[in-house]
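Data block below; observations after.
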There are 2 protein chains.
Amino acid sequence: MTVPSGRRERKKAATRQKIADTALRLFLERGYDAVGIREVAAEADVAVTTLFSHFASKEALVFEQDEDFEQRLTQAVTDRAPHEPLIPALRNEIQALVRHCTADSAAPIWRMIDESPALRRYEESVRLRHAEALATAIAADPELSRTATASRTIARFVIDAYSLAREAAEPEAAVDEIFWMIEAAWEATRPSRRT
Amino acid sequence: MTVPSGRRERKKAATRQKIADTALRLFLERGYDAVGIREVAAEADVAVTTLFSHFASKEALVFEQDEDFEQRLTQAVTDRAPHEPLIPALRNEIQALVRHCTADSAAPIWRMIDESPALRRYEESVRLRHAEALATAIAADPELSRTATASRTIARFVIDAYSLAREAAEPEAAVDEIFWMIEAAWEATRPSRRT
DNA sequence: GTTCGAAAAGCTAACTGTTAGTGTTACGGT
DNA sequence: ACCGTAACACTAACAGTTAGCTTTTCGAAC
């Protein structure tokens with residue numbers, strides 16, 4: 001393999017970034033639905049087929065960095081200090097992500113997403129992927145020996161918390177309120193429950 | 001208005017049903033992706049535009065009766081006997097729905113759905129709608145005075161239960177396990193919590 | 001029974017996201 | 001210097017969806 005590092009990768013990354021930047025700019029200027037793929041490609045000075053070799057769909061142009069999101073979540077589980085409880089760690093991470101998404105600078109993007117059914121639906125499917133990745137991380141932690149169903153369930157609940165809090169009137173308070181519920185649900189799955 | 005009851009409504013319903021039946025038959029025979037809209041319309045002997053005046057999208061053809069689902073859920077909340085607790089009522093309803101979906105007769109349909117990313121994503125968005133309807137029903141019940149966030153959260157959790165259980169190895173046991181968690185989360189939102 | 005408004009269905013022709021097929025260029029490793 | 005291949009380009013098409021407009025079919029008021 002010899003690590004293909006070099007000009008090639010840089011150029012590829014630059015092309016990808018240029019496409020994403022151009023797309024986001026056009027979408028924000030004139031609306032997601034009002035801008036076609038052919039137009040984005042022309043403005044970014046690439047062929048339509050090139051655009052689709054970097055992004056699987058038009059919606060994916062908007063959620064360009066969703067993999068960072070996923071990684072931060074799973075790392076919140078795997079990078080915990082020994083014996084550090086799971087739920088508070090996830091709460092802190094979700095709190096940070098919610099703050100990031102509800103910041104003023106991100107407002108136009110989320111308004112655009114909320115206004116387009118296609119983008120909303122795409123985001124839902126992205127969330128499901130994240131929930132599955134999180135479930136895998138939780139199930140893999142030997143300190144927390146829970147059933148597969150319990151792991152998947154808590155992962156869903158945590159992703160729900162993110163989604164619900166983002167739409168709430170007071171996002172940060174909503175995170176706390178929902179995590180209070182999640183904490184209770186998690187405690188109910190303790191394997192050493194007796195009587 | 002004088003209630004436009006009569007032949008007109010019957011014919012419209014018949015056309016809709018014929019389209020849905022034809023579509024489902026073709027999809028099951030040859031695969032969802034392998035059958036085009038124009039083909040469904042031709043086989044049902046209607047124009048493509050007529051098809052789209054009855055169904056908003058190709059995917060909607062498969063989830064023809066999702067409104068029944070939504071109604072059963074909200075009725076499980078609104079039609080409870082006085083003082084009947086919420087969560088067990090919802091658990092029974094979800095249990096029934098899961099049994100219905102995992103029955104052998106429904107297996108081919110769900111296999112088709114699982115195999116098509118487009119259908120999976122569409123189902124996710126349908127679930128979100130159901131969760132919102134359920135949240136509204138819960139928030140409207142004067143016996144359960146919870147915050148808007150708590151209502152929405154529990155509604156999401158309940159829909160998650162349905163979705164997770166359907167995919168689990170033992171669906172009915174999974175419903176019970178997840179509802180044990182939901183019960184705990186719900187108890188944590190009691191408004192009269194003291195100390 | 002005739003007539004009239006409106007709902008339902010139809011047809012044509014497009015537009016838009018997406019992909020297959022096929023070259024062409026520019027790197028990276030040898 | 002050479003070769004393999006990854007990145008990009010071009011054309012043309014397919015599939016879902018919609019706009020615009022005409023025709024048919026009821027329902028009801030006259």
Side-chain angles (χ1 to χ4, degrees), chain A residues 1-20 22-24 26-27 30-64 112 116-123 125, chain B residues 1-20 22-24 26-27 30-64 112 116-123 125:
Chain A
M1 304 289 277
T2 66
V3 185
S5 60
R7 184 154 29 210
R8 209 140 181 169
E9 282 198 337
R10 264 184 294 117
K11 283 207 175 183
K12 182 175 182 178
T15 302
R16 179 192 162 91
Q17 198 60 40
K18 183 170 186 183
I19 295 171
T22 304
L24 197 56
L26 290 180
F27 291 161
R30 320 216 313 270
Y32 178 77
D33 291 317
V35 180
I37 282 289
R38 289 161 178 85
E39 203 168 350
V40 174
E43 183 85 7
D45 200 30
V46 296
V48 172
T49 46
T50 301
L51 187 155
F52 277 109
S53 78
H54 284 276
F55 299 92
S57 66
K58 185 185 181 186
E59 294 96 49
L61 287 166
V62 175
F63 295 91
E64 185 221 349
M112 174 182 79
S116 162
L119 286 176
R120 291 187 66 99
R121 284 184 43 192
Y122 186 83
E123 199 222 337
S125 73
Chain B
M1 300 287 278
T2 66
V3 185
S5 60
R7 184 151 33 204
R8 207 139 191 176
E9 283 196 336
R10 262 183 295 119
K11 283 208 174 181
K12 182 172 182 179
T15 302
R16 179 193 162 90
Q17 199 58 41
K18 183 171 186 184
I19 295 171
T22 304
L24 196 55
L26 290 180
F27 290 161
R30 320 216 312 270
Y32 178 76
D33 290 319
V35 179
I37 282 289
R38 290 162 177 83
E39 202 168 350
V40 173
E43 183 86 7
D45 199 28
V46 296
V48 172
T49 46
T50 300
L51 188 156
F52 276 109
S53 78
H54 284 276
F55 298 93
S57 66
K58 185 185 182 187
E59 294 97 48
L61 287 166
V62 175
F63 295 91
E64 185 221 349
M112 174 182 80
S116 160
L119 285 177
R120 291 188 66 100
R121 284 184 45 192
Y122 186 84
E123 198 223 339
S125 74

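A, B, ... follow the sequence lines: proteins, then strands. Residue 1 opens every chain.
- In this model, a side-chain donor or acceptor of A:Thr49 finds a partner on the base of D:dC10 within 3.5 Å.
- Between D:dA7 and A:His54, no contact under 4.0 Å exists linking OP1 or OP2 to a side-chain N or O.
- Distance, B:Ile19 CD1 to D:dG16 C1': 16 Å, rounded to whole Å.
- When the nearest nucleotides of DNA chain D are assigned to B:Lys58 and A:Thr50 by heavy-atom distance, the more 5′-ward of the two goes with A:Thr50.
- Between the base of C:dG17 and the side chain of A:Arg38 there is a donor-acceptor pair shorter than 3.5 Å.
- If you measure from atom CZ of A:Arg30 to atom P of C:dT16, you get 12 Å, rounded to the nearest angstrom.
- Residue contacts for B:Val48: at a heavy-atom cut-off of 4.0 Å it reaches a base atom on one of the strands shown.
- Across all their heavy atoms, A:Ala60 and A:Tyr122 have their closest contact at CB-OH, 3.4 Å.
- Judged by distance alone, with hydrogens and angles left aside, A:Thr15 brings no side-chain donor or acceptor close enough to the base of D:dC8 to form a pair under 3.5 Å.
- A straight line from CD of B:Glu59 to P of C:dG17 spans 16 Å, rounded to a whole angstrom.
- Between the OG1 atom of A:Thr22 and the CG atom of A:Asp45 there is a distance of 9.5 Å, given to the nearest 0.5 Å.
- Note that the CD atom of B:Glu123 and the OG atom of A:Ser125 stand 13.0 Å from one another [nearest 0.5 Å].
- Atom pair B:Phe55:CZ and C:dA9:C1' shows a separation of 15 Å (rounding to whole Å applied).
- When heavy atoms are screened at a 4.0 angstrom cut-off, B:Asp33 is found touching no nucleic acid atom at all.
- Rounding to whole angstrom units, CZ of residue B:Phe27 and P of D:dG16 are separated by 8 Å.
- A:Lys12 has its NZ atom 7 Å from the P atom of D:dC8, to the nearest Å.
- In the set C:dA26, C:dA9, D:dC26, C:dA26 carries the atom at the smallest distance from any side-chain atom of A:Arg8.
- Look at CG on A:Asp45: it is 15 Å from C1' on D:dA7, rounded to the nearest Å.
- Residue A:Val35 is in sugar-phosphate contact alone, with no base atom involved, counting any heavy-atom pair closer than 4.0 Å across all strands shown.
- Rounded to whole Å, the distance from CG on B:Leu51 to P on D:dT17 is 9 Å.
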Could you list the donor-acceptor pairs under 3.5 angstrom formed between side-chain atoms of residues 11-19 of chain A and any protein atom two or more places apart in sequence or on another chain?
from	atom 1	to	atom 2	distance (Å)
A:Thr15	OG1	A:Lys11	O	2.9
A:Arg16	NH1	A:His54	O	3.3
A:Arg16	NH2	A:Glu64	O	3.4
A:Gln17	NE2	A:Asp21	OD1	3.2

For residues 30-41 of chain B, tabulate all N or O donor-acceptor pairs below 3.5 Å that involve a side-chain atom, not counting sequence neighbours.
from	atom 1	to	atom 2	distance (Å)
B:Arg30	NH1	B:Glu39	OE2	3.2
B:Arg30	NH2	B:Glu39	OE1	3.4
B:Arg30	NH2	B:Glu39	OE2	2.5
B:Tyr32	OH	B:Glu59	N	3.3

